[in-house]
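Note sheet for the following structure.
As the structure lists them, so they are numbered: ligands from 1, and atoms in each ligand from 1. In this text, all values refer to a predicted model and were calculated from it rather than measured experimentally.
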Amino acid sequence: MKNIQQIAVLTSGGDAPGMNACIRAVVRTGLFNGLKVWGIRRGYQGMIENDFIPMDSSSVSNIIQRGGTILKTARSKEFMTPEGRKRAYENLRSRNINAIVAIGGDGTFTGARVFMNEYPDIDFIGLPGTIDNDLSGTDFTIGFDTAINTVIDAVDKIRDTAASHDRLFFIEVMGRDSGMIALHSGIGVGAEAILIPETKTYVDQLIHQLERGWLRNKSSCIIIVAEGDDTGGAQALADVVKQRFTQYDTRVSILGHIQRGGSPTCNDRMLGTRLGYEAVEALVRGKSGVMVGIVNNQVVYTPFEHAIRDEGKMNMQLIRMAEILAM
Ligand code: F6P
């Protein structure tokens with residue numbers, strides 16, 4: 001077993017509420033285990049640019065309730081080059097840092113895997129931090145619960161005005177490649193339709209459904225559209241539907257980055273904290289090259305090569321249930 005003395009924690013890719021709770025847990029668990037702990041600002045880019053800050057217990061005080069990430073984040077193109085990774089490695093070696101906790105998504109773990117192949121003397125543990133909840137090896141990712149609650153808060157408000165004006169609303173939620181946010185929030189708000197990248201959207205079918213609703217005096221409707229839906233998103237879809245079904249006054253609302261911010265829910269604080277703690281425990285026990293996740297309330301370690309975006313994670317039963325309940 002390697003003798004780890006210094007570790008660093010970073011956040012990478014899109015920020016997600018609960019990342020700060022996770023950083024806090026990594027730092028304090030590291031200190032408890034007698035490790036020196038560093039924070040790396042702006043993810044892998046900061047590793048390349050030597051942007052390291054020493055962390056102590058008070059540097060993570062009063063952050064558990066804050067959204068975003070105190071370490072900042074980036075999607076580093078330079079880390080995809082051998083030269084960039086070499087500079088990052090040299091910065092780690094110059095401080096004798098021999099283990100990293102990387103909080104992020106698919107791209108974060110791909111970067112970690114390539115880096116570990118080149119520099120096997122650096123241990124890596126990944127933690128799932130993305131609002132998209134699209135990774136295998138964990139039931140939920142840090143930030144997802146807050147994001148879906150932000151969406152339902154916004155859509156409930158839109159429902160009030162939609163009902164008052166008898167309008168049809170197309171509401172776009174995040175998820176370039178994943179319909180998880182759309183599906184869960186859509187069920188939560190009782191949407192009339194939920195359109196996601198994992199299934200083909202048939203506009204004829206949607207219009208038929210709107211017609212049926214209209215005939216039984218449904219005066220307003222909410223359609224949730226994932227950003228990555230094959231129709232091209234809420235605006236593109238609304239433009240097509242408006243041409244063919246003119247009964248409703250139609251509006252489009254794109255929720256955008258409000259879904260990534262805000263104070264994390266208790267579930268996300270809990271998940272971030274638990275995973276941060278388990279990451280350091282895993283490193284100390286000699287584990288490396290894995291993402292730590294929670295499946296059925298049990299800690300699970302998934303090798304980086306399998307901790308990738310998982311389209312099969314989408315529960316088709318939920319899609320069917322949502323369709324039945326929207327009728
Ligand atoms: O990965 C999280 C996510 O919010 C996706 O849902 C979204 O498509 C993407 O990030 C947006 O990224 P950016 O903030 O770089 O535009």
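Between Tyr248 and Trp214, the two ring planes are perpendicular [angle over 60°; tilted spans 30° to 60°]. Under the 30°/60° scheme for interplanar angles, the aromatic rings of Phe144 and His184 are found to stand perpendicular. Taking the six-membered ring where tryptophan is involved, the planes of Tyr89 and Tyr119 are essentially parallel, since the angle between them stays under 30° and well short of 60°.
Annotation: side chain of Thr273 is in contact with side chain of Ile64 (closest heavy-atom distance under 4.5 Å).
Taking every heavy atom of Met174 and a limit of under 4.0 angstrom, the matching atoms of ligand 1 come to 4 (O), 6 (O). Residue contact check: Gly175 has heavy atoms under 4.0 Å from atoms 6 (O) of ligand 1. Near Arg176, meaning under 4.0 Å from one of its heavy atoms, ligand 1 places the atoms 8 (O), 9 (C). Near Ile131, the atoms of ligand 1 lying under 4.0 angstrom from a non-hydrogen atom of the residue are 4 (O).
Looking from atom 12 (O) of ligand 1 to the surrounding protein, the closest heavy atom is Arg75 NH2, 2.9 Å. Considering only non-hydrogen protein atoms, atom 1 (O) of ligand 1 sits nearest to Asp132 OD2, 3.0 Å. For atom 7 (C) of ligand 1, the nearest non-hydrogen atom of the protein is Glu227 OE1, 3.5 Å.
With 3.5 Å as the limit, one finds a donor-acceptor pair spanning the side chains of Arg28 and Ser61. Between Thr265 and Asn267, the side chains place no donor N or O within less than 3.5 Å of an acceptor N or O (distance only, hydrogens not considered).
Distance CG/Leu127 to OG1/Thr141: 11.5 Å, rounded to 0.5 Å.
When non-hydrogen atoms are compared, ligand 1 lies under 4.0 Å from the side chain of His257 (C-beta onward) but not from its backbone.
Here the shortest heavy-atom distance to atom 11 (C) of ligand 1, taken over Gln259, Met180, Arg260, belongs to Arg260.
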